[in-house]
Amino acid sequence: MFKRVAIVGVGFMGGSFALALREAVKGVEILGVDINPKALEKALDLKVIDRAYERLDDLENVGLVVLASPVRTFYNIAKSLKQVLDDQTIVTDMGSVKGKLVYELENILGKKFVGGHPIAGTEKSGVENSRKDLFKGKRFILTPTPNTDQEAKRKVSELWSLLGSYVEEMDPYVHDYVFGCVSHLPHAVAFALIDALINLKKDVDLFKYPGAGFRDFTRIAASDPIMWRDIFLENKENVLTAIDVYISSLQKLVDLIREGREEELTSYLKEAREHRLRLEE
């Protein structure tokens, strides 16, 4: 297993990975790389990382590099890593977007790059909110290409299994369609709902009267805006397709309510309820 691991992006996800790694792999040395010196200082104080670096150029003798920064930073990071890493170093990521990004990173870094996405997280941000159990019992999606080095893929897969995740593989483009629908769309809807209430409030501050349903539904709108800006833009086609279908479903609901079509409205709500209940199974 890896003896020296560098995490690029020492925030909530990178910090959670570091804590989980420290617990699962005894004796591993964890290096944190971030452009924010305060984040690095906090990570050192909390003993999330062992060493802190503000520059990728200073990395050496690293067995694994994990990209945990916003996805649109990956391109420039990969170009910098190409200059300092040897051919044996494996690079993987924790990004929520794959598709063409995986192939472009592979073109830069070579076949030792292994795309990955842990299906875990919260609306929290910052290394101080890191959780060592974040990945236990959760899925981790590997997104290899035909060119991916098989030994590198095996090592990344085994590492995530050690962290308690259930590892499965998925085509990078299929990944972006799937998570554009089940993850990126719900976040877009939550952000838009908050925006709608901002515009609806008029003389009454609607945010003073949130019920449990509103809090539950919009929890993810408290997520990091920079991270989600990058996700929406990197997976633009799938996100826009999903939003268009959502708008059609919403328009159908509008028509049923406006026209007072009770039976059809009941069927619409019943079908949605039944699909939601299946998630509990």
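One is the number of the first residue; the rest follow in order along the sequence. What you see below is based on every heavy atom in this structure, not just the backbone, and it leaves out hydrogens, waters and symmetry mates.
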For this session: Could you walk me through whether E41 and K38 pass salt bridge (charged side-chain N to carboxylate O under 4.0 Å, His left out), step by step?
Result: CA-CA 5 Å; E41 183 180 348; K38 290 184 178 179; over 6 Å; no
Exercise. For V167 and V156, what are the C-alpha separation, side-chain angles and deciding distance, and is it a side chain to side chain contact (heavy atoms under 4.5 Å, CB included)?
Worked result: CA-CA 10 Å; V167 180; V156 173; over 6 Å; no
Exercise. Is there a donor-acceptor contact under 3.5 Å from the side chain of K47 to the main chain of L44?
Worked result: no
Exercise. Salt bridge or not for E29 and R51, using N-O below 4.0 Å?
Worked result: yes
Exercise. Between S130 and L19, which heavy-atom pair has the shortest distance, and what is it?
Worked result: CB-CD1, 3.7 Å
For this session: May I ask you to test the P37-E54 pair for a side-chain heavy-atom distance under 4.5 Å?
Result: yes
Problem set entry | Full working for side chain to side chain contact (heavy atoms under 4.5 Å, CB included) between T92 and L64 | CA-CA 8 Å; T92 188; L64 175 70; 4.0 Å; yes
Exercise. Should I90 and L163 be regarded as members of a common hydrophobic cluster, given that ILVMFWY residues are connected when their side-chain heavy atoms come within less than 4.5 Å of each other, either directly or indirectly?
Worked result: yes
Exercise. Taking atom NZ of K112 as the centre, does the number of heavy atoms from other residues, nucleotides or ligands within less than 6.0 Å exceed 12?
Worked result: yes
For this session: Could you tell me whether D87 atom CG has more than 12 heavy atoms of other residues or ligands within 6.0 Å of it?
Result: no
Seminar exercise, completed: Between Y177 and the options V182, D171, N235, N238, the side-chain contact (heavy atoms from CB on, under 4.5 Å) test singles out N238
Exercise. Atom CG of D195 and atom CG of L200: how far apart are they, to the nearest 0.5 Å?
Worked result: 9.5 Å
Problem set entry | Heavy atoms of other groups near E168 CD, more than 12 under 6.0 Å | yes
Exercise. Once you round to the nearest 0.5 Å, how far does CD1 of I30 lie from CZ of F2?
Worked result: 13.0 Å
Exercise. Does the side chain of F74 reach to within under 4.5 Å of the side chain of V71, using non-hydrogen atoms?
Worked result: yes
Exercise. Short question: side chain of R219, backbone of A190 - any donor-acceptor pair under 3.5 Å?
Worked result: no
Problem set entry | CG on D224 to OG on S125, rounded to 0.5 Å | 5.5 Å
Exercise. Heavy atoms, side chains only, cut-off 4.5 Å: are L233 and R72 in contact?
Worked result: yes
Problem set entry | I198 side chain reached by F207 side chain, heavy atoms, under 4.5 Å | yes
Exercise. If you group Ile, Leu, Val, Met, Phe, Trp and Tyr by side-chain heavy-atom gaps below 4.5 Å, do I141 and Y173 land in one group?
Worked result: no
For this session: First locate atom CG of L109, then atom CD of E104, and finally report the distance between them rounded to the nearest 0.5 Å.
Result: 11.5 Å
Exercise. Looking at M170, K111, E169, which one forms a side-chain contact (heavy atoms from CB on, under 4.5 Å) with P144?
Worked result: E169
For this session: For residues V33 and L59, determine if any side-chain heavy atom of one lies less than 4.5 Å from a side-chain heavy atom of the other.
Result: yes
Seminar exercise, completed: In short, A78 meets L105 closest at the heavy-atom pair CB-CD2, 3.7 Å
Problem set entry | same_hphob_cluster(F217, L250) at 4.5 Å side-chain heavy-atom cutoff | yes
Problem set entry | Closest non-hydrogen atom pair, F113 against E106 | CD2-N, 4.3 Å
For this session: Measure the spacing between CZ of R261 and OG1 of T266 and express it to the nearest 0.5 Å.
Result: 12.0 Å
Problem set entry | Side chain to side chain, Y268 and L253, heavy atoms closer than 4.5 Å | yes
Exercise. Counting heavy atoms not belonging to E263, are there more than 12 under 6.0 Å from its CD?
Worked result: no
Exercise. Taking all non-hydrogen atoms of both residues, which atom of Y75 and which atom of I108 are closest, and how far apart?
Worked result: O-CD1, 4.1 Å
Exercise. Counting distance only, does the side-chain N/O of T89 pair as donor-acceptor with the main-chain N or O of L85 below 3.5 Å?
Worked result: no
Problem set entry | Joint cluster assignment, I220 & F191, ILVMFWY side-chain distance < 4.5 Å | no
Exercise. Do V254 and L193 sit in the same hydrophobic cluster, where Ile, Leu, Val, Met, Phe, Trp and Tyr count as joined when their side-chain heavy atoms come under 4.5 Å apart?
Worked result: no
For this session: Show the numbers, then the answer: is there a side chain to side chain contact (heavy atoms under 4.5 Å, CB included) between E271 and H275?
Result: CA-CA 6 Å; E271 183 178 14; H275 277 77; 3.9 Å; yes
Exercise. More than 12 non-hydrogen atoms from neighbouring residues, nucleotides or ligands closer than 6.0 Å to CD on E274, yes or no?
Worked result: yes
Exercise. Could E128 and K124 be called an ion pair, given the rule that one side-chain N must be under 4.0 Å from one carboxylate O?
Worked result: no
Problem set entry | Side-chain (S161) to main-chain (S157) donor-acceptor, under 3.5 angstrom | yes
Problem set entry | Side-chain touch M13/L134, heavy atoms, less than 4.5 angstrom | yes
Exercise. For G116, does its backbone N or O pair with a side-chain atom of D93 as donor and acceptor, under 3.5 Å?
Worked result: yes
Problem set entry | Within 6.0 angstrom of R4 CZ, more than 12 heavy atoms from elsewhere | yes
Exercise. Would the number of heavy atoms belonging to other residues, nucleotides or ligands and lying under 6.0 Å from CD1 of I35 be above 12?
Worked result: no
Exercise. Is K155 salt-bridged to E158, going by a charged N under 4.0 Å from an acidic O?
Worked result: no
Problem set entry | Residues E234, K100: salt bridge by 4.0 Å N-O rule | no
Problem set entry | Check against side chain to side chain contact (heavy atoms under 4.5 Å, CB included), L185 and V239 | CA-CA 6 Å; L185 174 62; V239 170; over 6 Å; no
Exercise. Between I77 and S69, which heavy-atom pair has the shortest distance, and what is it?
Worked result: CD1-OG, 3.3 Å
Seminar exercise, completed: Only one of F140, Y166, W160 passes ring pair (Phe, Tyr, Trp, His ring centres under 6.0 Å) with F135, and that residue is W160
For this session: Please name the pair of heavy atoms, one in L81 and one in V91, separated by the smallest distance, quoted to 0.1 Å.
Result: CD1-CG1, 4.4 Å
For this session: Would you confirm whether T145, through its side chain, and N147, through its main-chain N or O, come within 3.5 Å as a donor-acceptor pair?
Result: yes
For this session: Determine yes or no for a side-chain-to-main-chain donor-acceptor pair under 3.5 angstrom, with D133 supplying the side chain and K136 the backbone.
Result: no
Exercise. With distance as the sole test, does R22 use its side chain to make a donor-acceptor pair with the main-chain N or O of V48 at under 3.5 Å?
Worked result: yes
For this session: Could you point out which residue of F232, F179, W228 forms a ring pair (Phe, Tyr, Trp, His ring centres under 6.0 Å) with H184?
Result: W228
Problem set entry | Within-4.5 Å side-chain heavy-atom neighbours: I49 and V127 | no
For this session: With rounding to the nearest 0.5 Å, note down the distance linking OG1 in T148 to CG in L142.
Result: 9.0 Å
Exercise. When S96 is tested against each of H117, H187, M227 for side-chain contact (heavy atoms from CB on, under 4.5 Å), which residue passes?
Worked result: H117
Exercise. Is there a donor-acceptor pair closer than 3.5 Å between any side-chain N or O of D176 and the backbone N or O of K98?
Worked result: yes
